[in-house]
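Since the structure comes first, as structure tokens, the remarks are kept for the end.
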Amino acid sequence: MDSKMNDSKIIDGKILSSAIRKKIKKFGDELNKKTSKVPGLAVVLVGENPASRVYVKNKIEKTKEVGFNSIEHRLDHDVSEKQLLDLVDKLNEDKNVQGILVQLPLPKHINSDKVLDKIKPIKDVDGFHAQNVGKLWSGLNSLVPCTPLGCSIIIKSILPDLSGKHAVIIGRSNIVGKPMAALLLAMNATVTICHSRTKDLNSVCKEADILVAAVGIPEMVKANWIKKGAIIIDVGINRIEKNNKKILVGDVDYDECFDFCGKITPVPGGVGPMTIACLLLNTLLTAYTQFDEKAPDLSSFLE
Ligand code: GUN
């Protein structure tokens, strides 16, 4: 049998995320019955970045599907930093908005850190505000960045306790690498973060029981980087051309690594849908807080 037919190795993010979104809808409907309020998610897109446009379209579609209000703001590429900051201020004060997401990357003339720090921490459904970052690293309750939260849910569904396990992350971004490290530490893993200046990257990866690839380099991780039986989480979404066809591939050479790993997330259909489910989860969790209701435990969404 071709081992790639071995479905049990493939982590299906579409199935997992769909189950979570169903629970979010159920809890959201109950919250609405109790409070007569509907959680609102404001998404701000600046410019015409094609990948960002696709991500935002998917986020808006799924927001509506779970019954939340979607508030959309599309701004020209040359909007000033002041105009964007003023919009964030307005959304901060809007009682119909519980979550604010400013899609990254922003144009070069805008200071992203300034914009992200302008978002009220309680509405920061991306978990990028310095206050939420600090809380995450201190082990306090906070809004957690969506992609690493999605990855941690995937990993937890396979291995609930990572005691004694070595997790290796490739990539040190604020969006994925660093918060992923904080979450894996909280799950008792021993964590290594690698990046472009790491020496002998492949031998470090070969030590990983859990390997998270988030570098943005198509199919960089090869079969001889993988420890037999490792769990591979591929965060990369790269558009490339193969055999005259435009396709999406991850940061992991899926075909090469498949035979060596224990489990692997495909691209597309692995981490991507989990990111959106976690955005909606964060929106619902912060809506409970803003509506003065007690939020259910995170585990209620994963049963
Ligand atoms: N760009 C790529 N990933 C993300 C994300 O998770 N949130 C935001 N706001 N922008 C992104």
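Just so you know, ligand 1 is whichever comes first in the structure, and atom 1 is the first atom listed for that ligand. Starting from 1, each residue takes its place in the sequence as its number.
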Considering only non-hydrogen protein atoms, determine which one is nearest to atom 3 (N) of ligand 1 and report residue, atom name and distance to 0.1 Å. Ile175 CG2, 4.1 Å
for atom 9 (N) of ligand 1, nearest protein heavy atom and its distance come out as Asp126 OD2, 2.6 Å
Does Thr275, backbone or side chain, put an N or O under 3.5 Å from an N or O of ligand 1? no
Can an N or O of Phe128 be found at a distance shorter than 3.5 Å from an N or O of ligand 1? no
Closest approach of any protein heavy atom to atom 1 (N) of ligand 1, naming residue and atom: Leu104 O, 3.0 Å
What pair of heavy atoms forms the shortest contact from Cys205 to Leu211, and how long is it? SG-CD1, 3.8 Å
Check ion pair Lys33-Glu30 (N to O, under 4.0 angstrom): no
Residues Lys242 and Glu219 bridged, charged N to O under 4.0 Å: yes
Could you say whether the N/O atoms of Leu101 and ligand 1 ever approach to under 3.5 Å? no
Count the heavy atoms of every other residue, nucleotide or ligand shown that sit under 6.0 Å from CG of Asp161, and state whether that count exceeds 12. yes
Whether Asp86 and Lys82 form a salt bridge (side-chain N of Lys/Arg under 4.0 Å from carboxylate O of Asp/Glu) is what I want to check. yes
Checking Leu45 against Val102 for the side-chain contact (heavy atoms from CB on, under 4.5 Å) test, could you report, in this order, the C-alpha distance in whole Å, the side-chain angles of both residues, the deciding distance, and whether it holds? CA-CA 6 Å; Leu45 174 64; Val102 178; over 6 Å; no
Considering heavy atoms of the protein only, find what lies nearest to atom 11 (C) of ligand 1 and give residue, atom and distance to 0.1 Å. Gln103 NE2, 3.4 Å
